[in-house]
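Here is the structure we will look at.
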Amino acid sequence: MTDLFAPDHTPDYLTRLNPEQRAAIETTEGPLLVLAGAGTGKTRVLTSRFAHILLSGRAKPNQILAVTFTNKAAREMRERVSAILGQPADGLWLGTFHALCARMLRRHAEYVDLTSGFTILDTDDQIRLLKQIMEPFRLDTKRWPAQGMLGVIQRWKDRGLTPERITGAEDSDFAQGRAQEIYAAYQARLVQLNACDFGDLMLHVTEILRTRPDVLAQYHRFFRYILVDEYQDTNTIQYLWLRLLAKREGFAANICCVGDDDQSIYSWRGAEVENILRFEQDFPGAHVVRLERNYRSTVQILGAASGLIAHNEGRLGKTLRPGRDDSDGEKVQVVGVWDSDEEGRVVASRVAELRLEGHSLGEMAVLVRAGFQTRAFEEQLIAQGIPYRVVGGLRFYERAEIRDAMAYLRVLAQPADDLAFERIINLPRRGVGAAALQKFRDIARSQSVSLSAAVGIALENATVKGKSGDALRTLMQCLADGRAMLGREGHIVAVEALLEDSGYVPMWRADTSIEAPGRVDNLRELVRAMADFDSLGAFLEHVSLVMDNDQDAGEAKVSLMTLHGAKGLEFDTVFLPGWEEGVFPSQRTLDEGGLSGLEEERRLAYVGITRARRRAIILHAANRRIYANWQSSMPSRFIDELPDEHIEVVGQTKAERRRTAQAESLFAAGPMVARRERSGPHTVSPRPERCDIPLGARVFHQKFGYGMVIGVEHDRLEVNFEKAGHKRVIASFVEQVS
DNA sequence: AGATAGCTTGTTTTT
DNA sequence: CAAGCTATCT
């Protein structure tokens, strides 16, 4: 290994780097901020730097702390590092903020009155717990919902504020000034349950590092180098945690933070762009390296994106420059359409065209501002028979049946997990209602035992009898059996038996709704996933921290996702629909966030454009259906901010204009009435003459897709559509295809 | 205890 | 418009 560093031998991972990248990798000592614009090789720099520190003998694998935000990023980094090292990168302190904190907290749990076996609650649990806590406060639950309270608590935790630290000034208006009380009660209850929420993972560990110099010193001795990805997304508590670990008396902080202030899009969940803007003050003597050579996008795309983001103030200042001397590429297209339906059609047909030209669907993406917008595109893609996938949305571990099953597993592993037990006690129905549950809670409280133990007591002294008594007895027996099997036959067999005998899986099997079979499949998949873990405990830890599951790679599909979800990804072609005032920038952000909200929206637009390697197509519709009614809309101000020389404004094509006009005459009694009122006079094209499509012809319809003509009557056709079934349509609405 | 009718309310989301 | 929640009925 050492001969790699002989003067004449540049190690492999340092070749083919530009000077800035190389500086970012080789400046190992002292604080370093790497401002990495979109597509400038950020991940490569991070992983190479990691490997460089190891291979040059500056530190051993477990002396580097490497932090990311997502499990995906952590996984990717681990894989790339091990590829450079030529061996598995095991036993590293490489992970998400939360995973690393969980690991630390398990070692020092007693300092915050937990034991190392604490459970990590999910959002469902948190809300149910808060509801219970808030109940005695007798607040108007409409005005002060538990969910809102949870938001307040989370923001406090993001800022490193424990209940004692909430001063009068910090106390929110929420819950009529009793928010701090509720927060304190919530925290106390978590300790009782030997549980913590996600925010606590950071908060508790930071608190321990803050108050226990011995523990802090231990980590100081441990970690020689710290690497942080996506620094612009850190919140205050993460910043405090990093600063504690990085700064120590008499040593330069070997902390390297990589980020891009122009891609900070998470302030609404507590991220503080200021952290990255303030880096040089926080870590005096810091070096700053700017990565500005973009190897991803064409000159035109970079020009459009740079021009847009230049409208933001308070940037650290970076200009993306084309990294490879490429041809200019296509200009960014700005396409105006009549309404949101047409927007969907145009995107779907463009996708189809590109596909015919030989472009892979896997290299195309439709990036929307809000999740619900994907639906319109789904419909059009289905109609045109184009495979797509919606990225994001409900993930595997968020599905109801998986959460239910997880609750069963949690009770199996920890009989004292009251929140999980509450979730399953009446699932499937065992005749346990609010009244019975309250009885169990009372027993649990008065005897200081867990809820499941309380049920045991109630069964013994016959407080519950009859049907629900029998059902509960069976449940308790299943759990006891399951625990016995856990040791003897292993966790998989035990879980299978539990889910079966408790009646949970049979409940879904007996369900006749269309989604039920899918749910049973998901449950089977859950059990299968457990095979990758040695124990139930290991599996539960994995699920609570790594809530993602790999999307099937499979066949190439168009990706539909939110702009937020697209960060870090890239595609040859990117469609950016809905660039209208109120939609994007979102009215709500504007109302709540003012100028800084607008700037964050602009950064989001910047992220969107820079996802594209070769083609970016921005769309805006003049009319959009919002809930029930149509509203006219103005093109987004971001469109005006794009530099003219990099965009090409595409009006409606002739064919599209004709189709629009026809659509209007057809739907004149429907939504078009509203359109006319709002959009003023316009021409209606003459009705098409007669129909020249023969019986038996194969046709294509924008909404219904492909089909065969089975009847002709003047300008009306009867068509049997492959996907949409039997319909009567206007002939001019279909195109004959071979 | 459970089902149903009526009402409200509509971003972005990781861990 | 449509999902999700609450209040009310049986």
Side-chain angles (χ1 to χ4, degrees), chain A residues 67-74 95-103 105 120-123 126-127 131 140-143 145-147 150-151 154 157-158 196-203 229-230 233-235 237-238 264-271 367-376 391-395 397-398 400 425-438 466-468 471 541-548 561-568 578 582-593 597 600-601 603-605 607-608 625-630 671:
Chain A
V67 201
T68 64
F69 268 84
T70 64
N71 290 300
K72 196 177 158 206
T96 62
F97 277 100
H98 296 272
L100 292 166
C101 277
R103 187 164 157 194
L105 191 55
I120 302 167
L121 302 188
D122 64 23
T123 315
Q126 292 179 57
I127 289 180
K131 273 190 184 145
D140 179 354
T141 51
K142 277 238 150 92
R143 245 187 111 185
Q147 203 166 13
L150 185 63
Q154 259 163 2
K157 289 185 175 178
D158 286 344
C196 68
D197 64 21
F198 268 102
D200 285 335
L201 293 171
M202 296 291 325
L203 191 65
D229 191 14
E230 305 279 19
D233 286 337
T234 49
N235 59 33
I237 188 78
Q238 287 159 341
S264 157
I265 54 175
Y266 283 114
S267 75
W268 50 273
R269 68 179 200 213
L367 309 182
V368 294
R369 172 69 245 263
F372 68 85
Q373 292 175 270
T374 57
R375 244 182 74 178
V391 182
L394 258 204
R395 286 159 310 156
Y397 289 106
E398 284 169 350
I425 190 167
N426 201 33
L427 205 97
R429 298 256 137 91
R430 296 189 178 89
V432 180
L437 191 58
Q438 195 50 54
K467 246 194 184 158
S468 57
E541 175 85 354
H542 169 82
V543 174
S544 52
L545 289 171
V546 187
M547 289 282 283
D548 65 350
M561 64 181 110
T562 63
L563 288 159
H564 285 92
K567 195 167 105 175
V583 177
F584 188 41
S586 135
Q587 191 57 51
R588 191 151 164 186
T589 303
L590 259 34
D591 292 346
E592 287 170 10
E600 181 148 318
E601 294 284 295
R603 291 193 289 268
L604 200 49
V607 167
R625 200 191 341 233
I626 296 191
Y627 310 132
N629 38 4
W630 286 90

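Lettering of chains follows the sequences in order, A, B, ..., and the numbering in each one begins at 1. What you see is a predicted model; the values in this text were computed from it and never measured.
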Face-to-face stacking of A:Phe372 with B:dT11, centres under 5.5 angstrom, angle under 30°: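 Stacking between A:Phe372 and B:dT11: absent.
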Heteroatom pairs (N/O) under 3.5 angstrom, protein to nucleotides 8-10 of chain C:
none

Approximate separation, where rounding is to 0.5 Å, of A:Ile120 CD1 and A:Gln126 CD: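 Reported to 0.5 Å precision, the distance equals 11.0 Å.
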With respect to the phosphate group of [N], does any side-chain polar atom (N or O) of [X] fall under 4.0 Å of OP1 or OP2?
{"X": "A:Asn426", "N": "B:dG2", "answer": "yes"}
{"X": "A:Ser544", "N": "B:dT15", "answer": "no"}
{"X": "A:Arg103", "N": "B:dT15", "answer": "no"}
{"X": "A:Asn71", "N": "B:dT15", "answer": "yes"}
{"X": "A:Arg429", "N": "B:dA3", "answer": "yes"}
{"X": "A:Arg395", "N": "B:dT14", "answer": "yes"}

Whole angstrom value for the distance that separates P of C:dG4 from CD1 of A:Ile127: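 After rounding, the reported distance stands at 14 Å.
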Residues which pass ring-ring contact (aromatic ring centres under 6.0 Å, His included) with A:Phe584, listed by chain and number, not counting sequence neighbours: A:Trp579, A:Phe638
Listed partners of A:Tyr266 passing ring-ring contact (aromatic ring centres under 6.0 Å, His included), at least two apart: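 ring-ring contact (aromatic ring centres under 6.0 Å, His included) check on A:Tyr266 returns A:Trp268, A:His564.
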Results of side-chain hydrogen bond (donor to acceptor under 3.5 Å, both in side chains) for A:Gln147 - residues two or more places apart only: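 None.
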Integer angstrom distance from the P of B:dT13 to that of C:dA2: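 So the two P atoms sit 22 Å from each other.
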Spacing of the P atoms in B:dT12 and C:dC5 (rounded, Å): 16 Å
Earlier contact from the 5' end, DNA chain B, for A:Ala99 and A:Gly431: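 Upstream on the strand: A:Gly431.
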Residue whose nearest DNA chain B nucleotide is more 5′ - A:Glu592 or A:Leu437: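 Looking at the nearest nucleotide for each, A:Leu437 comes out on the 5' side.
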Pick out the pairs of N or O atoms, protein on one side and nucleotides 6-10 of chain B on the other, that lie under 3.5 Å.
| from | atom 1 | to | atom 2 | distance (Å) |
| --- | --- | --- | --- | --- |
| B:dG10 | N9 | A:Tyr627 | OH | 3.4 |

Which residues share a side-chain contact (heavy atoms from CB on, under 4.5 Å) with A:Thr96, sequence neighbours left out: A:Thr68, A:Asn71, A:His98, A:Ala99
Stepwise side chain to side chain contact (heavy atoms under 4.5 Å, CB included) test for A:Leu105 and A:Asp200: CA-CA 10 Å; A:Leu105 191 55; A:Asp200 285 335; 5.9 Å; no
Base B:dT15 to side chain A:Thr96, donor-acceptor N/O within 3.5 Å cut-off: no
Touch class at under 4.0 angstrom, heavy-atom based, for A:Gly199 against every strand present: nothing
